[in-house]
Amino acid sequence: MIGTGYVGLVSGVCFADIGNQVICVDKDKNKIDKLNSGISPIYEPGLYELIKKNFTAKRLSFTSNIDRAINTSDIIFICVGTPTKKGSINVDLSFVYKCTKEILKYSKRKKIIVTKSTVPVGTGDEIEKILKKKKKLFTVISNPEFLREGEAIRDFRYPDRIVVGSNEKKPLNIMRKLYAPITNKGSKFFTTSRRGAELIKYASNAFLATKITFINELANLCERSGVNVEDISLGMGSDSRIGGRFLRAGPAYGGSCFPKDTKGLVSVAEKYKINLSVVKSVIKSNQERVNLLTKRVHKILGSNLKNKKISFLGVTFKPNTDDMRDSTSLKMIPYLCKKGAVVNYYDPSGHKKEFKKIKNCFFKRDIKSNCLKADLIILLTEWDEFKSLNFRSITKNKKVKVYDLRNLYNNDEMKKDNLEYYSIGRS
Ligand code: UDX
């Protein structure tokens, strides 16, 4: 596995756990040293235990020596990052091509090269071109990964489907065998062309992002028309053609994939002179959502935020991860601080370097000290420990207001407690 980010590390550890001999490679020596001393560089429930188990059983090793790793392996997974290029919507494939060149340099015998990183349609063809000097040694296939942060191990073990794209038959059989312990439990093994697999990954992420954006916009309509958005999600989602998942209204979607992959898909389509207008408007609507929700703070607290005490519960883009990428908090907190508010935040995954330099922004170690005397509590991330709170007792402020961006509480309960409560997509 080349690259020990979410995809590479989780997949590598899980492949080892189903009996394979796995080497995880990363050029970041610091990360490798951490892994070799049993420390997981990422926050993912259950991962540390699996690393320890498979490392001790000698099925899993970590190295920055790419030469040895490449030579020892039969199957090489490319799991490096494919970020958005700075100042554009294009995908930066430089890490993918760099490690392809290393594979070319060090390979002495036949190998299957698998792209697990999310790559634009046609990237496999480009990889093949780079490898053409030793063409006979390589088969390049695509096997995108669909795991979610915070649920990554479960998603790897029990995926709805495994997608493998290849222009040749033989590597498909090898991959089928590799995944047999998972498909034997019922997951579908779906095969297609290499380009097909590459595009399936972008299409899936863009569609899920569209579903979320759709329900978020409907939530705005629900608020004005006195309807409960959860009823809409349930009523719509019960139609099996639509499906109920990813219809939870909330803040703008964030994370390492949806924002990046929606843009990536639009940029690839543009190269083929195709206008993906739906995905384009999803990107725009999601960006506007952050502003819309931030403006609502003024509606709750008034135009003057000077010295207002605002406490955030959760700042990560979703629970069970320490990942801050494209979290709504990254825009909300700096804005509120700039307007003079004093912002406290507590997140179970710890303090965040992103807010270190912001005046008036303070990390608190627990829920109580975070919310004490708050004028407004903003519930941004649905961590389990935020699901049964008594807001009055944690703030000791009778006039505390609550802005629940994840609809963890319901209007009636809050009314009973005489709390001024705001949520998403409810009247
Ligand atoms: C996503 C895809 O689900 C996964 O298949 C892919 O491999 C990587 O990208 P991830 O980003 O880890 O996974 O998290 P996910 O649970 O999909 O949530 C993404 C964002 O959508 C979060 O901001 C989350 O809060 C938001 N979301 C999700 C909603 O707002 N409503 C929903 O109903 C579901």
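For reference, positions follow the sequence shown, starting with 1. Numbering of ligands and ligand atoms starts at 1, following listing order. Here the structure is a predicted model, which means the values were calculated and not measured.
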Between the side chains of [Y] and [X], is the shortest nitrogen-to-carboxylate-oxygen separation below 4.0 Å, so that they form an ion pair?
X    : Y    : result
E102 : K27  : no
K308 : D375 : no
D412 : K415 : no
D92  : K86  : no

Do any N/O atoms on [X] end up under 3.5 angstrom from N/O atoms on ligand 1?
X    : answer
F258 : no
A252 : no
R245 : no

Are [X] and [Y] close enough that their ring centres sit under 6.0 Å apart?
X    : Y    : result
F15  : Y179 : yes
Y345 : F362 : no
Y421 : F391 : no

Within the 4.0 Å heavy-atom shell around [X], which atoms of ligand 1 are there?
X    : answer
R406 : 25 (O)
L147 : 4 (C), 6 (C), 7 (O), 8 (C)
C257 : 8 (C), 9 (O)

For atom 16 (O) of ligand 1, the option (of E145, K201, K318) bearing the nearest heavy atom: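 That would be K318.
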Would you tell me which option among F317, F146, Y253, F246 has the nearest heavy-atom contact to atom 32 (C) of ligand 1?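 Looking at heavy atoms only, F246 sits closest to atom 32 (C) of ligand 1.
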Could you tell me if K185 sits above the aromatic ring of Y158, with its cationic atom closer than 6.0 Å to the ring centre and no more than 45 degrees from the axis?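 Yes, a cation-pi geometry holds between K185 and Y158.
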Which residue and heavy atom of the protein sit nearest [atom], plus the separation:
atom                    : result
atom 12 (O) of ligand 1 : E149 N, 2.6 Å
atom 3 (O) of ligand 1  : R148 CG, 3.2 Å
atom 27 (N) of ligand 1 : I212 CD1, 3.4 Å
atom 23 (O) of ligand 1 : G254 N, 2.9 Å
atom 31 (N) of ligand 1 : R248 O, 2.9 Å

Heavy-atom contacts under 4.0 Å between I215 and ligand 1: side chain, backbone, both, or neither?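 The answer is neither; I215 stays 4.0 Å or more away.
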Side chain to side chain donor-acceptor pair (under 3.5 Å) assessment of N407 paired with R248: CA-CA 9 Å; N407 288 0; R248 259 185 305 111; over 6 Å; no
Mind listing the closest non-hydrogen atom pair of Y346 and E385 along with its distance?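 Closest pair (atom of Y346, atom of E385, distance): OH-OE1, 2.8 Å.
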Measure the distances from the heavy atoms of S256 to every atom of ligand 1 and state whether one is below 4.0 angstrom.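 No heavy atom of S256 comes that close to ligand 1.
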